[in-house]
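As the structure is a prediction and not an experimental result, all values here were calculated from the model.
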Amino acid sequence: MCGRYAFDDPKEIFEVRMLLEEIAEIFGEQAASSVKTGEVFPADTAAVLAQNGESARAEPMAWGYPLPGTSRPVINARSETLMEKPMFRGSVMSKKLLIPCTGFYEWQTSGKQKIKYHIRLQDSDFFYLAGLYRAYQFRDLVYNRFVIITSPSAGAMQDIHHRMPLIISKDQKAVWLNAKDNITGIIRTFNDAPAALDIKKADS
């Protein structure tokens, strides 16, 4: 699964700074200031790059699909069952998105202990996680929320957890956003060539 990820200091990373500037230009400074930086948790407002017709744009969007009767949102979608689940299949063709990040977190269970790891790419300080979004209505307000797609773990991640987020490199982002056919095949190509990861223990 993916329960937290990192979106680090915009002063240090060009792509992060540009995304926040685009959000401010389209949605206003208040929307840009609502975006969580540092460690991002479920229900936080995050910066995403959302499929919007034939193009994509930066948006502030909350993480997690709400479920009636519970305060815990659905935060992940399994890549293997995207086309089967009614909650996700309606978004696969026209509501894909990318979640910009600088790393993600996972916990390894060792006996009664849980060890937190911070995972980054070895060759880049900025990459994307694949996701989907959909619209919800509350009274007169319509708002979008997103989930992160996960797949079976590969490489060194298999020693930590059996699932991991679907990683999209900077040069693969158009492939994901523009995909209209054979979505499962495209996901398989990402899984068949897993990114080289830098995995380190993190502070709790």
Side-chain angles (χ1 to χ4, degrees), residues 1-65 73 75-77 79 91-92 94-106 117-134 143-151 157 164-179 186-187 190-191 194-199 202:
M1 64 175 293
C2 180
R4 292 186 213 168
Y5 68 92
F7 186 64
D8 287 333
D9 192 341
K11 299 183 183 68
E12 299 294 329
I13 299 175
F14 173 77
E15 290 92 346
V16 173
R17 188 170 68 249
M18 293 301 293
L19 279 162
L20 293 178
E21 288 178 1
E22 184 177 345
I23 288 173
E25 183 178 345
I26 297 172
F27 297 96
E29 292 289 347
Q30 186 174 356
S33 65
S34 72
V35 169
K36 178 73 178 295
T37 56
E39 191 167 349
V40 183
F41 290 70
D44 282 344
T45 297
V48 302
L49 190 61
Q51 186 180 12
N52 183 32
E54 296 301 316
S55 60
R57 72 176 184 181
E59 293 188 27
M61 199 178 291
W63 180 12
Y65 290 178
I75 61 173
N76 294 155
S79 62
S91 300
V92 170
S94 61
K95 288 183 169 57
K96 294 187 289 296
L97 57 68
L98 294 165
I99 300 97
C101 73
T102 54
F104 62 93
Y105 299 94
E106 194 50 83
Y117 287 89
H118 185 199
I119 300 100
R120 305 170 64 101
L121 293 194
Q122 287 185 3
D123 59 355
S124 178
D125 59 2
F126 179 85
F127 56 101
Y128 297 94
L129 308 177
L132 303 171
Y133 73 98
R134 61 184 294 182
Y143 57 96
N144 292 325
R145 298 181 72 103
F146 74 92
V147 292
I148 293 173
I149 296 172
T150 66
S151 60
M157 274 298 297
M164 64 182 288
L166 183 62
I167 294 173
I168 309 290
S169 66
K170 288 186 281 188
D171 61 356
Q172 293 172 322
K173 67 179 186 178
V175 175
W176 173 245
L177 291 174
N178 297 331
I186 289 171
I187 290 174
F190 294 144
N191 287 334
L197 302 176
D198 178 26
I199 302 174

| request: Indicate whether the side chain of T150 and that of N76 have a donor and an acceptor atom separated by less than 3.5 Å. | output: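 Side chains of T150 and N76: no pair found under 3.5 Å.
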Heavy-atom pair of closest approach, residues [X] and [Y]:
{"X": "S169", "Y": "Y128", "value": "O-CD1, 4.2 Å"}
{"X": "I75", "Y": "P42", "value": "CG2-CB, 3.6 Å"}
{"X": "P60", "Y": "S34", "value": "CB-OG, 4.5 Å"}
{"X": "V40", "Y": "W63", "value": "O-CZ3, 3.6 Å"}

Are side-chain heavy atoms of [X] and [Y] found at a separation under 4.5 Å?
{"X": "Y65", "Y": "P73", "answer": "no"}
{"X": "F27", "Y": "R57", "answer": "yes"}
{"X": "F190", "Y": "W176", "answer": "yes"}
{"X": "L19", "Y": "F126", "answer": "yes"}
{"X": "K170", "Y": "S124", "answer": "yes"}
{"X": "L197", "Y": "M164", "answer": "yes"}
{"X": "R120", "Y": "D8", "answer": "yes"}

| query | Of the options I13, L121, D125, which is the one that meets T102 in a side chain to side chain contact (heavy atoms under 4.5 Å, CB included)? | reply |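 Of I13, L121, D125, side chain to side chain contact (heavy atoms under 4.5 Å, CB included) with T102 is met by I13 alone.
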| said: By the definition side chain to side chain contact (heavy atoms under 4.5 Å, CB included), identify the one residue from L129, L98, L132, I99 that meets it with F146. | reply: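 Testing F146 for a side chain to side chain contact (heavy atoms under 4.5 Å, CB included) against L129, L98, L132, I99 leaves exactly one candidate, I99.
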Does atom [atom1] of [X] have more than 12 heavy-atom neighbours from other groups under 6.0 Å away?
{"X": "K36", "atom1": "NZ", "value": "yes"}
{"X": "Y143", "atom1": "OH", "value": "yes"}
{"X": "E21", "atom1": "CD", "value": "yes"}

Under 3.5 Å, is there a donor-acceptor pair between the side chain of [X] and the main chain of [Y]?
{"X": "R4", "Y": "F41", "result": "no"}
{"X": "E29", "Y": "A24", "result": "no"}
{"X": "Q122", "Y": "A196", "result": "no"}
{"X": "S151", "Y": "L166", "result": "no"}
{"X": "Y133", "Y": "S91", "result": "no"}
{"X": "Q51", "Y": "L177", "result": "yes"}

| Do the rings of F104 and F127 sit parallel, tilted or perpendicular, given the 30° and 60° boundaries? |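 It falls in the perpendicular class, over 60°.
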Any chance you could measure [X], atom [atom1], to [Y], atom [atom2], to the nearest 0.5 Å?
{"X": "I187", "Y": "S79", "atom1": "CD1", "atom2": "OG", "result": "5.5 Å"}
{"X": "F7", "Y": "L20", "atom1": "CZ", "atom2": "CG", "result": "4.5 Å"}
{"X": "E59", "Y": "I26", "atom1": "CD", "atom2": "CD1", "result": "7.5 Å"}
{"X": "M157", "Y": "I167", "atom1": "CE", "atom2": "CD1", "result": "8.0 Å"}
{"X": "R145", "Y": "M61", "atom1": "CZ", "atom2": "CE", "result": "10.5 Å"}
{"X": "I23", "Y": "T45", "atom1": "CD1", "atom2": "OG1", "result": "10.0 Å"}

